[in-house]
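Basis for what follows: all heavy atoms, side chains included, without hydrogens, waters or symmetry-related copies.
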Amino acid sequence: MSSNEESLSIPEGGGVYLSGEYVKTKGIDKVKIVEPKPRMQNFDDGDKVQVNIAFVGQQEGDPNTWTLNNTTARALKAWFGTDKPSAWLNKVVPIEVSKTQKGYAIYADSTRFDKIEQPESKSQEVLL
C-alpha cells in the first residue's frame with residue numbers, strides 16, 4: 001500500500017436513506033414523518049413516495065429519508081385518509097422489516113397502527 005494513498009471516508013451512521021437492514025439491526029419499530037413534506041421521486045423502477053423521518057435514538061449521520069414501497073404508501077394513504085403531503089407530517093408510523101430476495105424491506109405495520117398514539121403537537125420533536 002502506498003504511503004500517500006487516501007483513506008476511505010466511510011460514514012459512521014447508516015447514510016441518508018433508511019434501509020431494512022439498518023432498521024433490523026437498530027431495532028427501530030416506529031418513525032415520525034417530519035419536514036419537508038412527503039414528495040414523489042422518480043426512480044428507474046417508477047415513481048415512489050419519499051419522506052423525511054425521525055426516530056428514537058437518531059443521531060447526526062443516521063438515516064433521515066425513507067423511500068416507501070407502494071404497499072406502504074397505499075397503507076399510509078388509507079390510514080391518514082388522504083394522499084395530501086401536509087396531512088402526513090408529524091405522524092408516527094409503526095414499521096417492521098420483512099426478508100425479501102434483495103434483503104430486508106421496510107413496511108408499515110398495520111397490526112400496530114391503531115395502537116400508536118399520534119402526537120397532538122405539530123412540532124418537529126422526535127418524541128415517539
Side-chain angles (χ1 to χ4, degrees):
M1 174 158 68
S2 168
S3 62
N4 63 354
E5 183 177 16
E6 283 188 44
S7 339
L8 299 172
S9 296
I10 301 170
E12 292 298 318
V16 174
Y17 297 98
L18 192 65
S19 71
E21 187 67 41
Y22 186 86
V23 168
K24 182 174 173 35
T25 301
K26 296 290 185 176
I28 300 167
D29 68 346
K30 58 189 167 190
V31 297
K32 182 177 183 180
I33 299 173
V34 298
E35 288 281 358
K37 293 177 186 168
R39 62 217 167 266
M40 296 302 299
Q41 290 292 112
N42 185 277
F43 292 89
D44 290 340
D45 60 345
D47 291 347
K48 297 190 186 287
V49 177
Q50 267 190 343
V51 296
N52 281 43
I53 49 97
F55 52 88
V56 171
Q58 185 179 31
Q59 298 178 10
E60 190 172 328
D62 285 346
N64 62 5
T65 303
W66 178 22
T67 303
L68 307 178
N69 57 46
N70 288 330
T71 300
T72 295
R74 284 190 294 271
L76 295 188
K77 178 181 176 183
W79 288 339
F80 302 143
T82 182
D83 59 0
K84 298 294 182 200
S86 59
W88 293 21
L89 282 176
N90 300 306
K91 298 292 189 194
V92 177
V93 179
I95 59 173
E96 63 181 345
V97 292
S98 180
K99 182 79 170 149
T100 69
Q101 290 180 327
K102 296 180 181 179
Y104 290 98
I106 306 166
Y107 292 96
D109 185 351
S110 60
T111 64
R112 293 186 15 239
F113 188 77
D114 291 337
K115 297 174 181 121
I116 296 286
E117 284 190 45
Q118 295 298 333
E120 300 275 331
S121 160
K122 298 293 183 197
S123 81
Q124 292 293 324
E125 293 178 30
V126 179
L127 304 174
L128 299 173

Looking at [X], I want to see if its [atom1] is surrounded by more than 12 non-hydrogen atoms of other residues, nucleotides or ligands under 6.0 Å.
X	atom1	answer
Lys48	NZ	yes
Asp44	CG	no
Lys102	NZ	no

Nearest heavy-atom pair of [X] and [Y]: which atoms, and what distance?
X	Y	result
Thr82	Ala87	CG2-CB, 3.3 Å
Val97	Gly20	CG1-O, 3.5 Å
Ala108	Thr72	N-OG1, 3.2 Å
Ala73	Val49	CB-CG2, 4.2 Å
Thr100	Ala105	CG2-CB, 3.7 Å
Glu35	Lys37	OE1-N, 3.5 Å

Taking atom [atom1] of [X] and atom [atom2] of [Y], what is their separation to the nearest 0.5 Å?
X	Y	atom1	atom2	answer
Gln58	Leu18	CD	CG	9.0 Å
Phe55	Trp66	CZ	CH2	12.0 Å
Thr71	Leu76	OG1	CG	11.0 Å
Lys91	Leu89	NZ	CG	9.5 Å
Ile53	Ile95	CD1	CD1	7.5 Å
Gln50	Phe43	CD	CZ	4.5 Å

Indicate yes or no: at least one non-hydrogen side-chain atom of [X] is less than 4.5 angstrom from one of [Y].
X	Y	result
Lys30	Ile116	yes
Lys32	Asn90	yes
Arg39	Asn52	yes
Thr25	Tyr104	no
Ile33	Val93	yes
Phe113	Gln118	yes

> Can you name the salt bridge (charged side-chain N to carboxylate O under 4.0 Å, His left out) partners of Asp29, sequence neighbours left out?
Replying inline: Arg112
>> If you apply the rule side chain to side chain contact (heavy atoms under 4.5 Å, CB included), what do you find for Lys26 with Val56, and how did you get there?
In response: CA-CA 10 Å; Lys26 296 290 185 176; Val56 171; over 6 Å; no
>> Please evaluate residues Ile28 and Tyr22 with respect to the criterion side chain to side chain contact (heavy atoms under 4.5 Å, CB included), reporting the C-alpha separation (whole Å), side-chain torsions for both, the decisive distance (0.1 Å), and the verdict.
In response: CA-CA 8 Å; Ile28 300 167; Tyr22 186 86; 3.7 Å; yes
>> Asp47: which residues meet the side-chain hydrogen bond (donor to acceptor under 3.5 Å, both in side chains) condition with it, sequence neighbours left out?
In response: Asn42
>> Taking Tyr107 as the starting point, is it possible to reach Val31 by hopping between hydrophobic residues whose side chains are less than 4.5 Å apart?
In response: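 Different hydrophobic clusters.
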